[in-house]
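All values reported here derive from a predicted model rather than from experimental measurement. Numbered from 1 within each chain, the chains take letters A, B, ... in sequence-line order.
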Amino acid sequence: MREDLTSWMQSTKPEKAKPASREDATTTSRRSLLQTIINGSENEPIRPEWYPRTPRSALPGVLLDVEYDGEKALAKLKLYNPSTMKIHEWLDNTEHHPYCLTDYSPRELYELKDVVEHKGFLKLEETTKFILLHDKEQQLVSVVASDPLAIGGRRDSIREKLGRKHSWEADIRYTKCYTMDRALTPGLYYRVQNGNLTPVLQKYSSKDAAKLQALFKADSEASTLIKEYLPLFLTPAAYLPRLALDIEVESPFADRIPDPATAEYPVIAVALHDDAGAGLVCVLRREIDEKAETPQLPKGVECKFFEEEKQLVETVFKVLWRTPILVTFNGDNFDLRYLVNRAKKLGIPSDNIPIRLRPGIGSNFEARLKHGVHIDLYRFFNNRSIQIYAFRNRYREFRLEDISQALLGEGKRPLPDFISRLPAAVLVDYCWQDANLTMKLTQFDNNLVVGLILLLMRLSHQGMHDLTRTAVSNWIRSLLYYAHRQNNYLIPRKEEIEAMKGEAKTAAVIKGRKYLGAVVVEPQAGVHFDVTVVDFASLYPSIMKAYNISYETVRCSHPECKDNTVPETPHWICTKRKGLTSLIIGVIRDVRVEHFKPRSKDKTLSETQRSWYSVVEQALKVFLNASYGVVGAAHFPLYCAPAAESITALGRYAITQTIKQAEQLGATVLYGDTDSLFLAKPTKEQLRKLIDYSERELRVELDVEKEYRYVALSSRKKNYLGVTKSGYVDIKGLTGKKRNTPLFLQKAFMQMVEILRQVRSPSDFVAAKERILRLAREHLTKLERREYSIEDLAIRMQLTKSPESYVKTTPQHVKAARQLIEAGRDVSAGDIIAFVKTTDGVKPVEQASIQDIDVSKYKDLVQSTFEQVLDALGIEWIETIGIRRLDTFFG
DNA sequence: GCGGACTGCTTACCT
DNA sequence: ACAGGTAAGCAGTCCGCG
């Protein structure tokens, strides 16, 4: 007899009568995915073979993912129809096969028995490609095979038989190859009609389209490109119903997370929560729940007790087989991995498990939903480009707690006890809370995260699974490869670019770096009132665009281009052909700067409109900011050091020329870094002339970025404090703001900042200085009296590698980490170690008491932190100390 | 045997 | 697995010194 989801949902119905216990219950009028899954399963067989089925309907769906079906040896697409809330799978029917290209002629190839008699070999096809590096066409042969492993990935693959020097495009994953050849754009709509896949163009704003096309009407190549990009930028993001999951596992150890590889301990709770506010928490009944209190959950969130763990897991799996988009926080390496391994232990056959695990890089795993798509938010938020450019570094650590606190302004309620000892009522709440926060991270700011993911998928032509798990270099590679294929350009091998273009020719300032970077102007230490900051809008992408920088255009093969030199380098740039990277980055730059960025701030537009412009603008920013970096990254497949150093050389040229011009105009430059200049009380006229000059002579756009009431420049570069005319304080580089500074000192520093924020005129400084000195003395006294808690004194430093691999030196946080290991704690790379300085070396906070503290070390820390600001204000630290000493002397 | 000058390592920041 | 430049603190080494 089969158990039916509906019947057990109904068995918990009475609890629904209870009033909502919490005000943050996110019940909306949106149709619940979870309810649909549960109700829909009524007439469906529970067995997983229910999926996949061929869609007969012509309903359009969002292309979420492109996969490879190993059994059928075909590309498989996952389309999501948001209104039916179902995934439709589609298998390729176009006879597309894996292939690679070679410069051997067909005749030569027939001599190569290893190739033509390879068991995966299918056929040869002659083709012509354009070679950007040589600026000419070339005849090539496409060697077609039955499966991807026949091309590459085995020792006897065709790629190896041809030899690396005679094969091209042989290490592109088949799913990517398929995506490019079919010109698929994940994130856009497709329909299956008569068994065939066709794109479905959605309506988008014709006004936006016209404006964007007008931007490039003078440039035919850019005009062609923008036409192709319009649907990517303008198609509104689909609303994607989704489900969040979190699990809790029993463990006999309070301070050790159960190992998902062995999955030794029972899964005691699983929370599922959808975007419409419906939730279900499955709990295992344990001994401690004898006199069970009923868990208090918000309206729409149900709770079901299970007597058997296996039943619990099977129930969750029933839901997961029908889940189109699953969201977890660290599901790849914990929740889903644990569930799979635990399920095997419980005797659930592999075919009934809706999750497929794949080993990733290092000891990492990737968890795919066999039928839907799984987003692991931990991995997405860990992406440095997302952290820095999309979220402007608002979160600096990667726990669910830190990220929710930073982005939602909401954290978890603290755990009253260790998981295994929690009564069901508390456990259920805790588990649900994590699922709820995970869901909320995809919902805030008008579903910003989902919008970003969809936009990034479209731009990079990658499916949701890979997009959310790979770094920006991978996205850019994918974008550029796609452009090569669309234009019939052969994708060069990395070694070909390096052999033709050579290495970097400039010397970096920092030992171990490859080439010279940006200019940082020596700051004029002191307080300066009425400072205007000007900066170049997207300097490096602008340079790539304006100066035609691309791997094929730098040091091109035409002798007549050699006069078009790059200052301070021996390089020259092509004058005959527009570079591909230059074209693409240029268009993306213009689209962002001229269209999406201004509209994202346009108060005459509705909030919904603005938020969409803002999503696009942020996605474009991510690509732009990394576009120069990848060119200079040795592991990037289109790496080109001469191109990268040409970009920085032209950047230095732009800023130094602008400084010269500013001085000629009679303006004083107080400071500058890479693409910005701090000007002392510039006149409107001076600014206008400077901006005109940059535009005219340097071909880069200079803008007024900020107006400070005053700036306190320390004598150190990359260290300053500025108060804008609107009273907002910018703090850059100062120790007080660093995340490894003890909390007490961060707080003290913020008090100082508050004093400085209120300064409006030079005369206000007299009183401010006095207040700051008093503040500093106050904290020194509190230190002496040991009035801070150990947590407030903790220095929190990241372990960037595993504790054993520090062999050259043993930094303090590593010493503390080793003490933790000694005490049986599990410590690994990426962890943040909290330690205090004691009179006897360092100690982890967990092991230290306030009496151990080395007060003088902390006083030094206070001194250096305050000094960074005080020296800008012209105050000697001795004054501070001196007065304190007099105080104690007389007092 | 010890302190100062120095270099190198590590982390966190800026653009 | 985007780049280079800067600051800070500490670890480790070398040198000089009746």
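For the 3.5 Å distance criterion, the side chains of A:S802 and A:S805 qualify, holding a donor opposite an acceptor. A:Q462 and A:K176 are linked by a side-chain donor-acceptor pair at a separation below 3.5 angstrom, with hydrogens and angles left out of the test.
A:L624 has its CG atom 15 Å from the C1' atom of B:dT15, to the nearest Å. With rounding to whole Å, A:K718 atom NZ is found 9 Å from B:dC14 atom P. For A:L734 and B:dC14, the CG to C1' distance is 11 Å, given to the nearest whole Å. Remark: P of B:dC14 and CD1 of A:I388 are 10 Å apart, rounded to the nearest angstrom. Going from atom CZ of A:R384 over to atom C1' of B:dT11 covers 12 Å, rounded to whole Å. Remark: C1' of B:dT11 and CG of A:D831 are 16 Å apart, rounded to the nearest angstrom. Taking atom CG of residue A:N719 and atom P of nucleotide B:dT15, one finds them 10 Å apart after rounding to whole Å. If you measure from atom CZ of A:R796 to atom C1' of B:dA12, you get 14 Å, rounded to the nearest angstrom.
Here OG of A:S600 is found 5.0 Å from CD of A:E617. Values are rounded to the nearest 0.5 Å. Annotation: the span from A:K843 atom NZ to A:K815 atom NZ amounts to 15.0 Å, rounded to 0.5 Å. Taken to the nearest 0.5 Å, the CZ atom of A:F866 stands 11.5 Å off from the CG atom of A:L873.
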Taking N or O atoms only and anything under 3.5 Å, show me the protein contacts with nucleotides 1-7 of chain B, one pair per line.
none

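Across the interface with DNA chain C, nearest-nucleotide mapping of A:K808 and A:T865 shows A:T865 to be the residue nearer the 5′ end. Residue whose closest nucleotide on DNA chain B sits further toward the 5' end, between A:S676 and A:S805: A:S805. For the pair A:E522 and A:N474, nearest-nucleotide mapping onto DNA chain C gives the more 5' position to A:N474.
Annotation: cation-pi pair A:K801/A:Y806 present, NZ/CZ under 6.0 Å from the ring centroid and within 45° of its normal. Judged by the 6.0 Å distance and 45° axis criteria, A:R477 is not positioned over the aromatic ring of A:F636.
Among the protein residues, A:G517 comes within range of the sugar-phosphate backbone only, with heavy atoms under 4.0 Å from sugar or phosphate atoms but none that close to a base. Residue-level contact check: A:K857 touches neither bases nor backbone, having no heavy atom under 4.0 Å from any strand. Counting non-hydrogen atoms under 4.0 angstrom, A:I361 reaches the backbone sugars and phosphates but no base. Within the 4.0 angstrom heavy-atom criterion, no nucleotide atom of any strand lies near A:A644. Heavy atoms of A:R396 sit under 4.0 angstrom from primed sugar atoms or phosphate atoms, though from no base atom. Within 4.0 Å (heavy atoms only), A:T810 reaches sugar-phosphate atoms of the nucleic acid but no base atom. Residue A:L516 is classed as a sugar-phosphate contact, given heavy-atom separations below 4.0 Å to backbone atoms only. Contact annotation for A:T648: no contact, since no heavy-atom pair falls under 4.0 Å across all strands. Contact annotation for A:F636: no contact, since no heavy-atom pair falls under 4.0 Å across all strands. Nucleic acid contact for A:R513: base, since at least one base atom lies under 4.0 Å from a heavy atom of the residue. At the heavy-atom level, A:F536 lies nowhere under 4.0 Å from the strands shown. Among the protein residues, A:Y540 comes within range of no part of the nucleic acid, since none of its heavy atoms lies under 4.0 Å from any strand.
Put simply, chain A comes within 4.0 Å of DNA chain C, heavy atom to any atom, from C:dA1 to C:dG12, going 5' to 3'.
Side-chain nitrogen and oxygen atoms of A:T800 include at least one within less than 4.0 Å of the OP1 or OP2 phosphate oxygen of B:dT11. OP1 or OP2 of B:dT11 lies within a sub-4.0 Å distance of a side-chain N or O belonging to A:H813. For the OP1/OP2 pair of B:dC14 and a distance below 4.0 Å, the side-chain nitrogens and oxygens of A:K737 include at least one atom meeting the criterion. Side-chain nitrogen and oxygen atoms of A:R739 include none within less than 4.0 Å of the OP1 or OP2 phosphate oxygen of B:dT11.
Shown here is A:Y229, whose OH atom has more than 12 heavy atoms of other residues, nucleotides or ligands within 6.0 Å. Environment of CG in A:N393: crowded, with over 12 heavy atoms of neighbouring residues, nucleotides or ligands closer than 6.0 Å.
Proximity of the aromatic rings of A:Y395 and A:F381 is defined here by a centroid distance below 6.0 angstrom, and this criterion is met. Two rings, from A:F678 and A:Y720, have their centers less than 6.0 Å apart.
Among the nucleotides B:dT15, B:dT10, B:dC13, the one closest to the side chain of A:P811 is B:dT10.
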From CA spacing to verdict: salt bridge (Lys or Arg N to Asp or Glu O under 4.0 Å), A:E503, A:K514: CA-CA 9 Å; A:E503 270 310 305; A:K514 299 185 292 285; over 6 Å; no
